[in-house]
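One structure below.
The structure displayed is predicted, hence computed values, not measured ones. The chains referred to below are lettered A, B, ... by the order of the sequence lines, with proteins before strands, and numbering in each begins at 1.
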Amino acid sequence: MSDVDLGTAFIPALHKPPALLPIARHRETLLYMIETYPVTVVVGQTGSGKSTQIPQFLEQAGWCADGKIIAVTQPRRVAATTVAIRVADEFGCEVGKEVGYSIRFEDVTSSTTRIKFLTDGLLIREALVDPLLSRYSVIMVDEAHERSISSDILLGLLKKIRKKRPELRIIISSATLQAEDFRNFFSGSGDEKSLESESAADIGAIVSLEGRTYPIDILYMDTPAEDYVEKAVSTVFDIHTTEPKGDILVFLTGREEIDQAVQAISERSAQLPLGSEAILPLPLYAGLPTEQQMYVFDEAPVNFRKVIFSTNIAEASVTIDGIVYVVDCGFVKLRAYNPKTGIETLTATHVSKASAAQRAGRAGRTKPGKCLRLYTEEAYQALPDANIPEIQRSNLAPFVLQLKALGIDNVLRFDFLTPPPAELMIKALELLYSLGALDDYAKLTRPLGMRMAELAVEPMMAKTLLSAPAFGCSSEILTIAAMTSLGGSVWITHDGGKKEAESARRKFAAEEGDHLTLLNAYQAFVTKGRKEARFCRENLLNFKAMTRAASIRGQLRRYLERFGLAIDDSPAAAAHSDPATKAEQIRRCLTAGYFAHAAKMQADGTFRNVSGTTVLHAHPSSLMFNRKAEWVIFHEVMETGDKTYIRDITKIEKNWLLEYAPNFYKTK
DNA sequence: GAGCACTGC
């Protein structure tokens with residue numbers, strides 16, 4: 001369900017003719033700057049029209065002569081598609097002709113395409129084939145201030161490419177005032193000892209565009225709130241009873257808080273004076289089924305005020321019009337990676353000032369608004385200016401692998417916008433070495449390492465896939481790779497339907513664990529279910545997720561074929577193999593890729609990692625939650641609150657660990 | 001015996 005397909009709902013309702021946008025007045029300045037300077041940083045608020053107008057200005061000014069293309073990258077798929085649709089509309093062409101987009105599984109471009117919107121991750125991949133990105137005359141990196149790991153790496157690559165392609169024009173678009181940092185990054189040599197640094201003024205220009213937002217009143221609390229969920233609920237009632245019409249958007253951190261707040265509003269609504277306007281509370285978070293997410297875009301019924309309780313999804317990814325009041329709890333759940341333990345954590349932390357500003361800005365899209373912050377002004381002043389960039393708190397193994405494949409051998413010296421901590425880099429290098437992707441000199445191995453980099457799955461799964469032919473289970477591992485990469489959205493869980501979900505899963509349950517259960521579910525989907533939505537409904541499978549699994553599987557299958565690896569996924573082959581033998585081949589193959597994620601069950605039913613230092617719990621969604629096992633491997637580990645959970649667990653034999661990872665376990 | 005913010009190839 002994270003696979004939201006909100007399509008047209010994301011297109012901003014405000015559809016002013018382009019000539020009326022503030023950016024129109026800056027057209028000549030922008031074109032002059034881009035012509036003159038290799039790097040132009042464009043600072044503009046949401047609604048300034050930078051993403052839609054700049055590429056069209058450039059196209060009109062002749063930047064697509066000689067068949068060159070203007071690329072605009074976005075951090076999210078929905079943004080890439082919806083902006084392309086709007087620009088094609090303004091341009092007066094069909095999407096995929098002069099204006100197109102390209103995202104994973106969807107290349108809507110053609111030989112006539114001049115303006116191409118794509119995700120930043122995809123452009124990095126294009127560099128594997130075309131290292132200088134020579135098809136493009138201009139590359140615009142949109143939403144760079146979000147500091148996604150992909151856009152950070154892309155900026156580093158562009159800086160390298162620029163040195164070999166001085167004619168390339170780079171545009172960085174950002175909503176906040178980090179413009180100087182971006183410009184300084186491109187003017188620095190990246191090497192402190194070098195004196196070759198060009199001056200910032202020679203390299204880059206900064207253009208500021210005014211936005212199209214309305215003034216927003218910001219209000220703080222006198223004293224800190226003890227319980228911000230409770231405070232959010234009472235604040236909603238205060239706004240409702242004292243403030244004029246207008247919908248309310250409340251930022252909380254997660255599903256639990258949101259459900260709690262929605263329920264509290266429903267219960268207490270009865271106390272509202274008779275005849276007064278009612279409140280319609282709506283939840284919004286990524287785990288919600290798509291239909292329920294869509295409710296937030298509907299206009300509230302007559303005599304109702306719409307109140308949306310949302311996670312961070314409404315901060316940048318989803319735009320809801322008509323919001324006049326924003327209530328901000330001041331917290332967000334952030335993912336971080338601990339290189340010492342290799343465990344990801346998901347914890348509530350204070351928002352940054354930039355985040356708080358972005359949240360407040362959601363109130364002023366259609367008329368002047370108000371933002372009520374559930375913290376004191378002193379607390380606000382103490383907030384960090386910006387979030388820690390993703391690249392400084394993530395597992396870097398997939399990105400180190402990509403950089404190596406791009407020919408950047410010394411990744412420790414790669415010119416990062418902000419360098420990640422050395423521990424993160426070392427941890428990533430160690431893992432890649434243990435998987436055989438890097439040799440003793442930390443050089444990418446061929447063909448293994450190079451192939452792992454080309455596969456669009458994380459390194460441990462890439463190793464598993466590439467080992468599969470040797471174990472005689474390519475077809476099954478292809479399915480397992482596709483299913484696990486869906487990230488837990490396979491099963492539908494409706495409210496209060498936990499028991500049903502449990503029994504639905506049990507239909508496909510395999511004694512060996514979750515990976516084989518996922519395999520069974522997929523095989524039933526493509527054979528018995530004949531890919532029908534009805535089959536999915538009856539078995540509480542997420543139809544969209546299953547359909548996506550089928551495309552991912554297809555893509556991975558094509559990679560393996562291209563590598564010349566044998567795949568026999570004919571029904572006849574499946575019929576001729578002994579199920580127990582097949583299951584063992586799969587478990588052995590999984591061990592060959594996931595040996596670093598091994599654990600042993602204790603007498604009390606919890607697990608310990610191999611060194612015995614960390615207590616791990618089977619996630620309640622796992623089959624191993626209430627079953628006995630000895631040694632297992634798992635796909636994912638995450639710490640939330642006070643417990644560390646492992647998900648997608650499969651039983652293995654201890655001696656397989658030594659067999660497939662002798663070097664990894666020898667020293668432990 | 002209990003639950004994951006978001007994004008991407």
From C-beta outward on [X], which listed nucleotide comes closest to its side chain: [options]?
| X | options | answer |
| --- | --- | --- |
| A:Leu122 | B:dC4, B:dC9, B:dA5 | B:dC9 |
| A:Arg125 | B:dG3, B:dC9, B:dC4 | B:dC9 |
| A:Lys643 | B:dC9, B:dA2, B:dC6 | B:dA2 |
| A:Arg335 | B:dC9, B:dA2, B:dA5 | B:dA5 |
| A:Pro620 | B:dC9, B:dC4, B:dG3 | B:dG3 |
| A:Asn626 | B:dA5, B:dG1, B:dT7 | B:dG1 |

Whole Å only: how far is the [atom1] atom of [X] from the [atom2] atom of [N]?
| X | N | atom1 | atom2 | result |
| --- | --- | --- | --- | --- |
| A:Ile124 | B:dC9 | CD1 | P | 11 Å |
| A:Ile149 | B:dC6 | CD1 | C1' | 13 Å |
| A:Leu486 | B:dC9 | CG | C1' | 14 Å |
| A:Asp107 | B:dC9 | CG | C1' | 14 Å |
| A:Ile552 | B:dC9 | CD1 | P | 10 Å |
| A:Tyr337 | B:dC6 | OH | P | 22 Å |
| A:Arg393 | B:dC6 | CZ | P | 14 Å |
| A:Glu454 | B:dC9 | CD | P | 17 Å |

Exercise. Mind checking what makes ring pair (Phe, Tyr, Trp, His ring centres under 6.0 Å) contact with A:Tyr375, not counting sequence neighbours?
Worked result: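 Expected list: none.
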For this session: Show your reasoning for whether side-chain contact (heavy atoms from CB on, under 4.5 Å) applies to A:Val490 and A:Met483.
Result: CA-CA 8 Å; A:Val490 174; A:Met483 292 289 279; 3.8 Å; yes
Please determine whether a side-chain nitrogen or oxygen atom of [X] lies at a distance below 4.0 Å from atom OP1 or OP2 of [N].
| X | N | result |
| --- | --- | --- |
| A:Thr640 | B:dC4 | yes |
| A:Lys333 | B:dC6 | no |
| A:Arg77 | B:dC9 | yes |
| A:Ser148 | B:dG8 | no |

Exercise. Any luck finding a side-chain donor-acceptor pair between A:Ser51 and A:Asp142 under 3.5 Å?
Worked result: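 Yes, A:Asp142 and A:Ser51 have a side-chain donor paired with an acceptor closer than 3.5 Å.
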For this session: Go through the side-chain N and O atoms of A:Gln178 and A:Arg147 and say whether any donor and acceptor fall under 3.5 Å apart.
Result: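 A:Gln178 vs A:Arg147: no donor-acceptor pair found between side chains.
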For this session: Report yes if the distance between the aromatic ring centroids of A:His350 and A:Phe331 is under 6.0 Å, otherwise no.
Result: yes
For [X], which contact category applies under a 4.0 Å heavy-atom criterion: base, sugar-phosphate, or nothing?
| X | answer |
| --- | --- |
| A:Ser150 | nothing |
| A:Glu636 | base |
| A:Tyr645 | sugar-phosphate |

Seminar exercise, completed: Heavy-atom nearest nucleotide on DNA chain B taken for A:Ala79 and for A:Arg647; more 5' hit belongs to A:Arg647
For this session: Return the 5'-most residue of the pair A:Asn312, A:Leu455 with respect to DNA chain B, ranking by each residue's nearest nucleotide.
Result: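 Its nearest nucleotide lies further toward 5', so the answer is A:Asn312.
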For this session: Measure up the A:Phe508 and A:Trp491 rings against each other and bin them: parallel (under 30°), tilted (30 to 60°), perpendicular (over 60°).
Result: tilted
